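Notes follow once the structure below has been shown.
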There are 2 protein chains.
Amino acid sequence: MIQRVNDSIAEENCFPALASVPHCARGSLGLLLSFLGSAITETADGQLAAAQLNGREYSILSILETDGPGSQAELARLLGKVPAMVVMAVDALEERGFVARERDPGDRRRTRVVLTAAGRAALARGHEIADETVAGALPGLSAEERGQLHALLQRGLWPSAT
Amino acid sequence: MIQRVNDSIAEENCFPALASVPHCARGSLGLLLSFLGSAITETADGQLAAAQLNGREYSILSILETDGPGSQAELARLLGKVPAMVVMAVDALEERGFVARERDPGDRRRTRVVLTAAGRAALARGHEIADETVAGALPGLSAEERGQLHALLQRGLWPSAT
DNA sequence: TATTGTTATACTCTATAACTATA
DNA sequence: TATAGTTATAGAGTATAACAATA
């Protein structure tokens, strides 16, 4: 009995250098999504160092690329975090020249955070790393199947969006 | 521009009482899995209070149900956490009568953690809550499609397991 | 000597609160 | 008065280290 728990780690649950999803959580979709999310978050956070980013910074740059530039308060809301958090992250990104702060002319309280060329380059590398991390976390899926997964999740999250 | 970011929260990204997945993260599967995992983890953690559990305790009981009983050190490894963490969680679970500690006769250093009847009842309620949370987080998917998602993830994570 | 469970301590991360500037 | 950005402080959560018991 006890041995079986051990075996599930040793034999079935090893993708190298990746935080693991315990095989005994296989029965619950909620548990699976929760563990998989943590595993990908933590693994990517480490791997993204190769792009001079951490996970949060990669999220911020991605959001800016897709819908930006936005204010810092909006970034905080999107990330589900507190504005003070974003200030520090943007400070760090600005220091590396990945983003720049600009005063919003229409409302001088707001700070527009805009991607720089260096930021876009780091982000491009970050996308590659993120994709590799997902592929490594789901070794049983082909690129096409990962695409199906992506589409399924998009439809699940935002049914209205076509 | 800035307005668009706001709209994405207000119009597209609201499933009530659920931590949100920013729609602007839609382009990256890694980001999507990361945000969705966090959203489900945090939401379930709150909802599970109705079963007198938190997220970690639900994970522990689930693992015990599927592959248990195991030692506390094994639980720690499976959860990817430190043994001290498990000690406290099992303390709390034992206090509520959801698990019991038994000395392993074969190796008196080990403590077997076993589910009680009350623990199984709480876990059953927890499963319902977890399923509701997933359904709420993926409003665009039918029960059948959630089953497809589950199967896809299982195959992706453990290709060897049939 | 190594491992299990446990306790106590230290640290990291995040939220809270207070402040300035602008609306 | 309310909101954006910033800073400093406090708290929660987690890991680290040290210990006793058993192997």
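None of these values were measured; they are calculated from a predicted model. First the proteins, then the strands, lettered A, B, ... as listed; each starts at 1.
Rounded to whole Å, atom C1' of dG5(C) lies 13 Å from atom CG of Leu75(B). Rounded to whole Å, atom C1' of dA4(D) lies 16 Å from atom CD of Glu102(A). To the nearest angstrom, C1' of dA4(D) lies 14 Å from CZ of Arg112(A). dT6(C) atom C1' lies 9 Å from atom CG of Asp91(B), rounded to whole Å. Distance Glu74(A) CD to dG5(D) C1': 13 Å, rounded to the nearest Å.
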Which letter, B, S or -, goes with each nucleotide of nucleotides 10-23 of chain C from 5' to 3', with contact meaning a protein heavy atom under 4.0 Å?
----BSB-----BS
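A donor-acceptor contact under 3.5 angstrom links the side chains of Thr41(B) and Ser34(A), judged on distance only.
Here the side chains of Gln52(B) and Arg125(B) are not in contact, with every heavy-atom distance at 4.5 Å or above.
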Show me the donor-acceptor pairs, under 3.5 Å and distance only, between side chains in residues 82-95 of chain A and residues at least two apart or in other chains.
{"unit_1": "Asp91(A)", "atom_1": "OD1", "unit_2": "Arg101(A)", "atom_2": "NH1", "d": "2.9"}
{"unit_1": "Asp91(A)", "atom_1": "OD1", "unit_2": "Arg101(A)", "atom_2": "NH2", "d": "3.0"}
{"unit_1": "Glu94(A)", "atom_1": "OE1", "unit_2": "Arg101(A)", "atom_2": "NH1", "d": "2.6"}

Does the pair Thr43(B) and Gln47(B) meet the rule for a side-chain contact (heavy atoms from CB on, under 4.5 Å), with working shown?
CA-CA 6 Å; Thr43(B) 306; Gln47(B) 300 296 116; 4.2 Å; yes
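Contact check on Arg112(B) versus Asp107(B) returns no salt bridge, with no Lys/Arg side-chain nitrogen under 4.0 Å from an Asp/Glu carboxylate oxygen.
Contact annotation: Arg110(B) does not reach the phosphate of dT6(C) (side-chain N/O to OP1 or OP2, under 4.0 Å).
Distance alone, capped at 3.5 Å, is enough to place a donor-acceptor pair between the Glu57(B) side chain and the Asn54(B) backbone.
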